[in-house]
Peer 1: 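Could you have a look at this structure, given as C-alpha coordinates, before my questions?
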Amino acid sequence: MKRYVCTVCGYVYDPEQGDLDSGIEAGTAFEDIPDDWECPLCGVGKDMFEEE
(Lines give C-alpha, C1' and ligand atoms only; values in the text may rest on other atoms or scores of the structure.)
Protein backbone atom coordinates (compact mmCIF):
# COMPACT_ATOMS: atom_id res chain seq x y z
CA MET A 1 0.00 0.00 0.00
CA LYS A 2 1.08 3.56 -0.67
CA ARG A 3 2.36 5.79 2.10
CA TYR A 4 1.41 9.47 2.29
CA VAL A 5 3.36 12.34 3.81
CA CYS A 6 2.01 15.55 5.35
CA THR A 7 3.40 18.49 3.37
CA VAL A 8 3.25 20.71 6.47
CA CYS A 9 5.01 18.70 9.19
CA GLY A 10 6.38 15.58 7.47
CA TYR A 11 4.21 13.01 9.30
CA VAL A 12 4.00 9.81 7.25
CA TYR A 13 0.73 7.88 7.17
CA ASP A 14 1.65 4.22 6.79
CA PRO A 15 -1.42 2.09 6.02
CA GLU A 16 0.28 -0.98 7.50
CA GLN A 17 0.24 0.78 10.89
CA GLY A 18 -2.87 2.94 10.54
CA ASP A 19 -3.51 5.69 13.10
CA LEU A 20 -4.87 3.85 16.12
CA ASP A 21 -5.07 7.01 18.24
CA SER A 22 -7.57 8.39 15.71
CA GLY A 23 -9.46 5.13 15.30
CA ILE A 24 -7.90 4.21 11.95
CA GLU A 25 -7.18 0.48 11.99
CA ALA A 26 -3.96 -1.01 10.61
CA GLY A 27 -4.44 -1.99 6.98
CA THR A 28 -6.61 1.04 6.13
CA ALA A 29 -5.67 2.58 2.78
CA PHE A 30 -5.28 6.37 2.79
CA GLU A 31 -8.18 6.65 0.35
CA ASP A 32 -10.44 4.87 2.86
CA ILE A 33 -9.73 7.24 5.76
CA PRO A 34 -12.72 9.54 6.47
CA ASP A 35 -12.47 12.96 4.80
CA ASP A 36 -12.57 14.73 8.18
CA TRP A 37 -9.43 12.93 9.44
CA GLU A 38 -6.61 15.28 10.44
CA CYS A 39 -2.86 14.87 10.68
CA PRO A 40 -2.17 13.62 14.22
CA LEU A 41 0.86 15.91 14.57
CA CYS A 42 -0.20 19.26 13.11
CA GLY A 43 -3.95 18.99 12.52
CA VAL A 44 -4.18 19.73 8.79
CA GLY A 45 -6.63 17.84 6.59
CA LYS A 46 -6.11 14.97 4.16
CA ASP A 47 -5.78 17.44 1.29
CA MET A 48 -2.37 18.46 2.64
CA PHE A 49 -0.92 14.94 2.14
CA GLU A 50 0.98 13.74 -0.90
CA GLU A 51 1.94 10.25 -1.99
CA GLU A 52 5.42 9.40 -0.78
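Because only heavy atoms are used, hydrogens play no part in the values below, and waters and symmetry mates are left out as well, while side chains stay in.
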Peer 1: Using a 3.5 Å cut-off and no angle test, enumerate the donor-acceptor pairs between side-chain atoms of residues 8-16 and protein atoms at least two apart in sequence or in another chain.
Peer 2:
from: Tyr13; atom 1: OH; to: Thr28; atom 2: O; distance (Å): 2.6
from: Asp14; atom 1: OD1; to: Glu16; atom 2: N; distance (Å): 3.0

Peer 1: Compare every heavy atom of Val44 with every heavy atom of Met48, then report the nearest pair and how far apart it is.
Peer 2: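 Smallest heavy-atom distance, with atoms named: CB-CG2, 3.6 Å.
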
Peer 1: Parallel, tilted or perpendicular for Trp37 and Phe30, by the 30°/60° rule?
Peer 2: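 It falls in the perpendicular class, over 60°.
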
Peer 1: Only pairs at least two apart or in different chains count here, so list each salt bridge (Lys or Arg N to Asp or Glu O under 4.0 Å) that has a residue in residues 25-44.
Peer 2: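 Found Asp35-Lys46.
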
Peer 1: Flag yes if Val5 and Met1 sit in one hydrophobic cluster, no otherwise; membership is Ile, Leu, Val, Met, Phe, Trp, Tyr, and two members link when side-chain heavy atoms are under 4.5 Å apart.
Peer 2: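 No.
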
